[in-house]
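For reference, the structure is listed below as structure tokens.
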There are 2 protein chains.
Amino acid sequence: MTSSLHHRAIENLGARIISGELPAGHIMLAEKLEDELKVSRSVIREAVRVLQSLGLVETTKRVGIRVLPSSRWNPFDPQVIRWRLAGDARGAQLRSLAELRSAVEPAAAELAAQNAPAPLRLELVDVAHAMRDAGHKGDVPRFLELDIQFHSLLLSGSGNEMFANLMGQVAETLTGRTVHGLMPDHPHEAALQWHVDVAEAIARGDAVSAREASDRIMRRTMSQMSDTWTEQPRVFIPVDR
Amino acid sequence: MTSSLHHRAIENLGARIISGELPAGHIMLAEKLEDELKVSRSVIREAVRVLQSLGLVETTKRVGIRVLPSSRWNPFDPQVIRWRLAGDARGAQLRSLAELRSAVEPAAAELAAQNAPAPLRLELVDVAHAMRDAGHKGDVPRFLELDIQFHSLLLSGSGNEMFANLMGQVAETLTGRTVHGLMPDHPHEAALQWHVDVAEAIARGDAVSAREASDRIMRRTMSQMSDTWTEQPRVFIPVDR
DNA sequence: TGACACCGATGTGTGCAGACATCAAAACTC
DNA sequence: GAGTTTTGATGTCTGCACACATCGGTGTCA
């Protein structure tokens, strides 16, 4: 299912476009792709349609399939994010996601305090306490798992489906941070307490405290990570189009 | 180009799925769609592939094309947003976008003050001043145009491509707000000044002031709009999957 | 007799090959 | 240079073979 031919074609072309191997403006012909990937026309066509909907290519009659500049890519698409994380732009992608997270999570905490269903609030408190325990014990894998669950619950509890959809990407960044050895064996006590503070503020419906505690977590996270990507160039996308 | 057959098929099916006419779990057969839409298999197959990549449907052999629940849709995809804005979920979608905006823009202002290229800073100041003029004159269409340009410049100036990508959606919300008569003929003086404050803070690289002024704009905007969508039900997306 | 495992029939998506239609870039004519 | 024709790529349609999940029948065993 995941290894259907058109899926593999999407994967192949998407990764090569985003890695820069197929640069913006590069023109491919469907026929060339057919015998390059050894698949039939319909497979290529279906793959190109999907890439088109992601903003990676456009097709023009009498010209072919043109690779679009990165400013046209949909930066919120999970596949695009995955391809960027796998390539040279990994650092820039992680920074973008971290900036988005640090903007969104405090807002999500505020909304969760106002709107989250009761069982979710209770679960959030439980997870925050479990995180503190795992942090004290230095159980890194367990801590990562709980960390992901905590932030997923928070985003989901906001009742905003766009916030909730960031769960997957947040999991990626947290996992990436751990895998890259950016997490100490024992998370700082203050950070552990802030997670508990967020959960308890949400549990009692205190929106202002929830936002403030979440904001503290995010500011600390950003300042921890910021030195690892200072060398990443920023991209300024023109306003028109 | 925009009226190619497969594009029309995507439009037709996407709108019907998101409107709820084709509910989650509903199963369609490719052959049925062929003679319902009077197009060939290749057109249907390409359309279904795109809808699949948006999370709207899944295909299973021997079963057919199954409509997925809304929790699986990609809420950041521009097409999905457009379909939701066109249907019953319009209110909920506008609220989601407004919440996202109010989370992101202050962060974007802070980043723009630190990173935006000089010409963009100057343009931002010009636009803010032009907004104030248009606001005083009661020139509503001109004001809307400048408002969109201002917030686009701000998001673009952050140097975060995810923030910049929200330009289009922000334009939608601002336009929608004006069309729905939620904007007074003469914007409040304080809001006009806050726009100037944001621009000037960014121009002089004052990140803290830029965020604070932007935050004031967003809080005012949210409190203005919140009463229009209090009846919209919130959706809580389960964390697992 | 009833419960259960096996296995083949069936229906549906997946992939392939080839034809013709369409349309915009490029070449040509005046 | 403007208008026209040619050309070559994508767009659309169709028939076929195949893969494979589901369903129902058959056989076995208790």
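Naming convention: chains lettered A, B, ... in sequence-line order (proteins, then strands); numbering from 1 in each chain.
Contact check for B:Arg121 versus B:Glu123: no side-chain heavy atoms found under the 4.5 Å cut-off.
Residue B:Ser42 has its side chain nearest to D:dT14 when only C:dA17, D:dT10, D:dT14 are considered. The side chain of B:Ser40 sits closest to D:dT12 out of C:dC16, D:dT12, D:dG11. Comparing D:dT10, C:dG15, D:dT12 by their nearest atom to the side chain of A:Val43 picks out C:dG15. When each of C:dT12, D:dC13, C:dG15 is scored by its nearest atom to the side-chain atoms of B:Lys61, the top-ranked nucleotide is C:dT12. For A:Ala30, whose side chain is taken as the heavy atoms from C-beta onward, the closest listed nucleotide among C:dG15, D:dT10, C:dA25 is D:dT10.
Across the protein-nucleic acid pair, B:Ile44 atom CD1 and C:dG13 atom P stand 11 Å apart, rounded to whole Å. Counting to the nearest Å, the P atom of D:dT12 and the CG atom of B:Leu33 are 16 Å from each other. For B:Gln52 and C:dT14, the CD to C1' distance is 11 Å, given to the nearest whole Å. Straight-line distance from the CD1 atom of B:Ile65 to the P atom of C:dT14: 8 Å, rounded to whole Å. Put simply, CG on A:Leu51 is 14 Å from P on D:dT10, counting in whole angstrom units. One can place CD of A:Glu46 at 7 Å from P of C:dG15, the figure rounded to the nearest angstrom. When the P atom of C:dA24 is taken as reference, atom CD of A:Glu58 falls 13 Å away, rounded to whole Å. Rounding to whole angstrom units, CG of residue A:Leu37 and P of C:dC16 are separated by 11 Å.
Where A:Arg62 and A:Arg41 meet DNA chain C, the nucleotide closest to each residue was compared, and A:Arg41 sits on the side nearer the 5' end.
Taking side-chain N and O atoms only, A:Thr60 has no distance below 4.0 Å to OP1 or OP2 of C:dA24. The phosphate of D:dT12 has OP1 or OP2 within less than 4.0 Å of a side-chain N or O from B:His6.
Checking A:Glu99, A:Arg95, A:Arg234 one by one against B:Asn160, the side chain to side chain donor-acceptor pair (under 3.5 Å) holds for a single residue, A:Glu99.
B:Leu153 CG to B:Leu122 CG: the interatomic distance, rounded to the nearest 0.5 Å, is 11.0 Å.
Ring pair A:His195/A:His151 is perpendicular by interplanar angle, where above 60° counts as perpendicular and below 30° as parallel.
By the 4.0 Å N-to-carboxylate-O rule, A:Glu145 lies close enough to A:Arg142 to be salt-bridged with it.
At a cut-off of 3.5 angstrom, counting only N and O atoms as typed in the model, there is no donor on one side facing an acceptor on the other between the side-chain of A:Arg49 and the base of D:dG11.
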